[in-house]
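First the structure, in the form of structure tokens, and then the observations on it.
To find a chain, count down the sequence lines: A is the first, B the second, and so on, and within it residues start at 1.
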2 protein chains.
Amino acid sequence: MSFHNGFFHHNLQFSRSFTKKLNEQLAKVDLFHSQWLIVYYLYQYGCSTLVEISTYLDVEKPTVTRTVNRLEERGLIEQIPGKDKRERRIQLTEPGVRTYQEAKKVVEEFELQLMTGLAEEDREATLRTLLFLKEKLKQ
Amino acid sequence: MSFHNGFFHHNLQFSRSFTKKLNEQLAKVDLFHSQWLIVYYLYQYGCSTLVEISTYLDVEKPTVTRTVNRLEERGLIEQIPGKDKRERRIQLTEPGVRTYQEAKKVVEEFELQLMTGLAEEDREATLRTLLFLKEKLKQ
DNA sequence: GGTGTATAGTTACCTAGGTAACTATAATAT
DNA sequence: ATATTATAGTTACCTAGGTAACTATACACC
């Protein structure tokens, strides 16, 4: 694609394949990958607002609203009262924590399996490249 | 994210940011990035079927159907009759070719700008990594 | 030549990203 | 104290990916 040996083309294809396979794996614990990202964040950082999640994941607020609603309907998160009435502070419920723990195993196994065989310096160079490009996109 | 220094997490974030910015750029020529991919393919490979496009882009058939319909409504592609009545062979119209040429400039400028400053060996390592990971996902 | 199978494409419906415009509340400035 | 501005979140609607099930045509085989 284009004159960069399909660099960006391959990146997009990989992302699609990756989320597809990750969704297949996460189906074992009845989660979608976007739900997993929020459950992961809530476990690591404790109770949060939707804007905090939106900022961390770099996803727009309406998208977060929708996914959080699904998690709430499924009883994996709960609202906690706060001073600022605009905010919606949420945290994992007890079933939410259990789901996190199960999903974590699935995701770690999946990512580890995918990573094995990849040269360490290639992994580092790729991470460096992604961070570089992400930064450039912000300008 | 997880124990790989957020490798996959950064990749997903980058892909989202990338398509977002590319869509912004392609708005200049009134295209979305998924439409651009098909226009690009048709210009390079000539008249094609939807399955050929689907295979090349690694995107499911229903997705291709939808995007192709939009391109046809906009008059950028046209159907050409063929022997196999199941197939839908399409090609760029004359306005489609012009749109390709305009979009090509926009995309090349965007990608070039993004690439400048990236070390050559990092670019190569990243491409190698993406191809490696894509291959592993197919298993 | 009829039957079973494979292929091309579509339809319906799901998640997931985006923007624009809106409401409600908080913070700030005058 | 009031008016303005900023922030949190939602709603409506768009593109874009996916799966499952379907139709119609082509192919293969007996």
Side-chain angles (χ1 to χ4, degrees), chain A residues 9 11-27 30-39 47-74 77 79-90 137, chain B residues 9 11-27 30-39 47-74 77 79-90 137:
Chain A
H9 185 54
N11 197 310
L12 290 183
Q13 282 194 349
F14 168 69
S15 294
R16 275 202 305 270
S17 297
F18 177 78
T19 57
K20 203 168 156 179
K21 290 279 181 181
L22 183 53
N23 276 332
E24 281 175 22
Q25 293 300 311
L26 283 171
D30 203 20
L31 277 185
F32 287 95
H33 88 278
S34 63
Q35 297 173 345
W36 158 248
L37 291 175
I38 291 179
V39 166
C47 85
S48 314
T49 67
L50 302 209
V51 164
E52 285 164 358
I53 295 170
S54 169
T55 302
Y56 175 75
L57 295 180
D58 193 24
V59 158
E60 298 300 323
K61 291 186 294 176
T63 306
V64 175
T65 296
R66 188 209 294 137
T67 307
V68 162
N69 285 344
R70 301 240 170 86
L71 291 172
E72 195 164 31
E73 287 162 14
R74 288 199 41 206
I77 62 169
Q79 201 158 343
I80 53 179
K83 201 179 132 219
D84 191 332
K85 285 180 186 173
R86 293 171 303 179
E87 286 181 350
R88 187 175 164 193
R89 296 203 84 84
I90 56 169
L137 282 174
Chain B
H9 185 54
N11 197 313
L12 290 183
Q13 281 195 349
F14 169 69
S15 293
R16 274 203 306 270
S17 296
F18 178 78
T19 58
K20 202 168 156 180
K21 289 280 181 182
L22 183 54
N23 276 333
E24 281 175 24
Q25 294 299 310
L26 284 170
D30 202 21
L31 276 185
F32 288 95
H33 88 279
S34 61
Q35 298 173 344
W36 158 249
L37 291 175
I38 290 178
V39 167
C47 83
S48 314
T49 66
L50 303 208
V51 164
E52 285 164 357
I53 295 171
S54 169
T55 302
Y56 175 76
L57 295 180
D58 192 23
V59 157
E60 298 300 324
K61 292 186 294 177
T63 305
V64 174
T65 296
R66 189 209 294 136
T67 306
V68 162
N69 285 344
R70 300 239 170 86
L71 291 171
E72 194 164 32
E73 286 162 16
R74 288 198 43 206
I77 62 169
Q79 201 158 343
I80 51 178
K83 202 180 132 218
D84 190 332
K85 285 180 185 171
R86 294 171 304 178
E87 285 181 350
R88 188 175 164 192
R89 296 203 84 85
I90 56 170
L137 281 174

**OP:** Scan Glu87(A) against the nucleic acid and name what it touches under 4.0 Å (heavy atoms): base, sugar-phosphate only, or nothing.
**Re:** sugar-phosphate
Original post:
Quick one: CD1 on Ile77(B) to SG on Cys47(B), what's the gap to the nearest 0.5 Å?
Top reply: 12.0 Å
**OP:** Using salt bridge (Lys or Arg N to Asp or Glu O under 4.0 Å) as the criterion, list what pairs up with Glu24(B), not counting sequence neighbours.
**Re:** none
Subject >> Residues that Asn11(B) engages under side chain to side chain donor-acceptor pair (under 3.5 Å), provided they are two or more places apart >> reply: Ser15(A)
Original post:
More 5' along DNA chain D: Arg86(B) or Val51(A), using each one's nearest nucleotide?
Top reply: Val51(A)
Original post:
With sequence neighbours excluded, what pairs up with Asp84(A) under the side-chain contact (heavy atoms from CB on, under 4.5 Å) test?
Top reply: Arg86(A), Glu87(A)
Original post:
Among residues 14-21 of chain B, which residues get a heavy atom nearer than 4.0 Å to DNA chain D?
Top reply: none
Subject >> Bend angle of the helix from dG1(C)-dC30(D) to dT30(C)-dA1(D), end axes from five pairs each (to 10°) >> reply: 10°
Subject >> Test ring pair (Phe, Tyr, Trp, His ring centres under 6.0 Å) applied to Phe18(B) - qualifying residues, sequence neighbours left out >> reply: Phe8(A), Phe14(B), Phe110(B)
Subject >> 5' to 3' contact window, DNA chain D with chain B (heavy-atom distance under 4.0 Å) >> reply: dT15(D) to dA26(D)
Original post:
Lys85(B) or Glu52(A): which one's nearest nucleotide on DNA chain D is closer to the 5' end?
Top reply: Glu52(A)
Subject >> side-chain contact (heavy atoms from CB on, under 4.5 Å) partners for Arg70(B), two or more places apart >> reply: Gln35(B), Arg66(B)
Original post:
In Å and rounded to the nearest 0.5 Å, what is the NZ to OG1 distance from Lys21(B) to Thr19(B)?
Top reply: 11.5 Å
Original post:
Quick one: side-chain contact (heavy atoms from CB on, under 4.5 Å) partners of Gln13(A), sequence neighbours excluded?
Top reply: His9(A), His10(A), Arg16(A), Asp58(B), Lys134(B)
Subject >> Atom pair CG (Leu22(B)) and CG (Leu37(B)), whose distance is rounded to the nearest 0.5 Å >> reply: 8.0 Å
Subject >> Inter-residue atom distance Ile38(B).CD1 - Thr63(B).OG1, 0.5 Å rounding >> reply: 9.5 Å
Subject >> Set of residues satisfying side-chain contact (heavy atoms from CB on, under 4.5 Å) with respect to Lys20(A), sequence neighbours excluded >> reply: Glu60(B)
**OP:** Dump the intermediate steps for side-chain contact (heavy atoms from CB on, under 4.5 Å) on Ile90(A) and Leu50(A), then the final yes or no.
**Re:** CA-CA 8 Å; Ile90(A) 56 169; Leu50(A) 302 209; 4.0 Å; yes
Original post:
How about Arg89(A) and Lys83(A): do any of their side-chain heavy atoms sit closer than 4.5 Å?
Top reply: no
Subject >> Along DNA chain C (nearest heavy atom to each residue), the more 5'-positioned of Glu60(A) and Asp84(A) >> reply: Glu60(A)
**OP:** Tell me which residues in residues 61-71 of chain A put a heavy atom below 4.0 Å from DNA chain D, sorted by number, or none.
**Re:** Lys61(A), Pro62(A), Thr65(A)
